[in-house]
Amino acid sequence: MHEYTSTARVWGLTCPGFPEEVSRARRWTRDILRGSPLAEDAELIVSELSANAILHTASGLESGSFHLAVAVSAQVVAVSVTDDGGTGMAPKVEHQDQEAEHGRGLGMVSVIAHRVVVHDSDGGHTVTAELFTGPRPGGHAC
């Protein structure tokens, strides 16, 4: 197979912006990745990103929602959460004191994932965390 070509399977789920939907997103991710050695890490990442969307964006408002996507290929498992925006600021990794009650979630995701990308998406933001299944692209070991 050509190094720039892969076959990926992609799943999507849109959830209302209620706190209990975070556990639904976790279960859904766990079911998709059942048997994968990356399942637990992906589940934790989905939990953090979903909770952040609900707590810090319009996704948590009465008519809000967030969208979750899971893409799986031979090289990578990528989980993405798209929020409804409304904050005017893109999510960013902040390294907080270990005693801090808030602001550590995206920092934790960046430690677990091999790469985290944040980009604008239809009035909101999408945070994608990638977990490589083997050597990182470019030949570097994980």
Find out whether H114 and E130 are in side-chain contact, i.e. whether some heavy atom of one side chain is under 4.5 Å from a heavy atom of the other. no

pair V127-L106: side-chain heavy atoms closer than 4.5 Å: yes

Linked, directly or transitively: M108 and V81 (ILVMFWY side chains, under 4.5 Å): yes

Heavy atoms, side chains only, cut-off 4.5 Å: are T29 and W11 in contact? no

Side chains of T128 and H119: does their closest heavy-atom pair fall under 4.5 Å? yes

Counting only N and O atoms by type, is there a donor-acceptor contact under 3.5 Å from the side chain of H125 to the main-chain atoms of D120? no

Minimal non-hydrogen separation, V116 against S110, with atom names: CG2-CA, 3.7 Å

By side chain to side chain donor-acceptor pair (under 3.5 Å), T126 pairs with (sequence neighbours left out) T82, S121

Give a yes or no answer on whether the side chain of S23 reaches the backbone of E20 with a donor-acceptor pair at less than 3.5 Å. yes

Side chains of T133 and V76 in contact at under 4.5 Å (non-hydrogen atoms): no

Below 4.5 Å, heavy atoms only, C-beta onward: do I54 and F18 meet side chain to side chain? no

Residues G17 and F66: closest non-hydrogen pair is CA-CD2, 4.5 Å

Would you confirm whether S59, through its side chain, and S65, through its main-chain N or O, come within 3.5 Å as a donor-acceptor pair? yes

For a 4.5 angstrom cut-off between non-hydrogen side-chain atoms, does V70 reach V10? no

Distance-only, no hydrogens or angles: does the H67 side chain make a donor-acceptor pair with backbone N or O of L13 under 3.5 Å? yes

Indicate the atoms forming the closest heavy-atom contact of D83 with G124, along with that distance. OD1-CA, 3.4 Å

Write down the atom of E21, the atom of P16, and the distance for their closest heavy-atom approach. CG-O, 3.1 Å

I'd like to know whether L68 forms a side-chain contact (heavy atoms from CB on, under 4.5 Å) with W28, so could you lay out the CA-CA distance, the side-chain angles of the two residues, the decisive distance to 0.1 Å, and finally the verdict. CA-CA 10 Å; L68 171 61; W28 181 79; 3.4 Å; yes

Donor-acceptor contacts, no H, no angles, side chain residues 34-46, under 3.5 Å, sequence neighbours left out:
| unit_1 | atom_1 | unit_2 | atom_2 | d |
| --- | --- | --- | --- | --- |
| R34 | NH2 | D31 | OD1 | 2.5 |
| S36 | OG | L38 | N | 3.0 |
| E43 | OE2 | R30 | NH1 | 2.6 |

